[in-house]
Amino acid sequence: MAIAAARKAYAPYSGFHVGAVVEDELGNLHDGCNLECASIGLSVCAERTAIGRGLSRGARRFVRVWIYTPTSKPTQPCGACREMLRRFSDNPEVVLLCDGRLIRRFRLRELLPNVKGEERRTS
Ligand code: THU
């Protein structure tokens, strides 16, 4: 499903076609692809497109995300997507898929540590 979503990517600037699927707590799956804009900062990653798709269907918590990139090794999600996933999940499984044989699995807390119960430090 993530690979099929990547085929729908609109990525004329990077040529990097990414697909993502998020699973909500009811087991429903929501897919997304990246979409780009000439103003590159406005581009949206596949993960956030998938989250938006889930949210617009009423989902609020996600338990797992699969991310496919057309690379020989898995690609880590960007910081913005980690933050957005954190907002709508507790500690979901993050599965990284690519064209190579390696599949990597993380929990979000491994990718975004020290987000809960930590005192903020200003220096
Ligand atoms: N991209 C994603 O959609 N997800 C990732 O995890 C990595 C990067 C997209 C954003 C941009 O459209 C293109 O890949 C190049 O960075």
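All residue numbers in this chain count up from 1 along the given sequence. Counting starts at 1 for both ligands and their atoms, in listed order. We use all heavy atoms of the structure for the numbers below, so side chains are in, but hydrogens, waters and symmetry mates are not. Computed from a predicted structure; not experimentally measured.
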Legend entry - Single hit among R61, H30, R60 for side-chain hydrogen bond (donor to acceptor under 3.5 Å, both in side chains) with D24: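 For D24, the side-chain hydrogen bond (donor to acceptor under 3.5 Å, both in side chains) check succeeds only for H30.
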Inset, instruction - Specify side chain, backbone, both or neither for A11, according to which of its non-hydrogen atoms lie closer than 4.0 Å to ligand 1. - result: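 It is neither; nothing of A11 touches ligand 1.
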Could an N or O of ligand 1 be found under 3.5 Å from any N or O of [X], whether backbone or side chain?
| X | value |
| --- | --- |
| E47 | yes |
| S14 | no |
| E36 | yes |

Inset, instruction - Using a cut-off of 6.0 Å, state whether more than 12 heavy atoms not belonging to R101 lie near its atom CZ. - result: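 For R101, atom CZ is not crowded (no more than 12 foreign heavy atoms under 6.0 Å).
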Inset, instruction - Answer yes or no: does atom CZ of R107 have more than 12 heavy-atom neighbours from other residues, nucleotides or ligands under 6.0 Å? - result: yes
Inset, instruction - Measure the CG-OG1 distance between D99 and T69 for me, rounded to the nearest 0.5 Å. - result: 7.5 Å
Legend entry - From Y13, F16, Y10 - option closest to atom 14 (O) of ligand 1 by heavy atom: F16
Legend entry - Among A6, A50, A46, closest by any non-hydrogen atom to atom 3 (O) of ligand 1: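 Shortest heavy-atom distance from atom 3 (O) of ligand 1: A46.
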Inset, instruction - Check each atom of ligand 1 against the heavy atoms of P77 and keep those under 4.0 Å away; list them by number with element. - result: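 Going through ligand 1 atom by atom, the ones under 4.0 Å from P77 are 6 (O).
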Legend entry - Atoms of ligand 1 close to C45 [distance to a heavy atom under 4.0 angstrom, numbered from 1]: 1 (N), 2 (C), 3 (O), 4 (N), 10 (C)
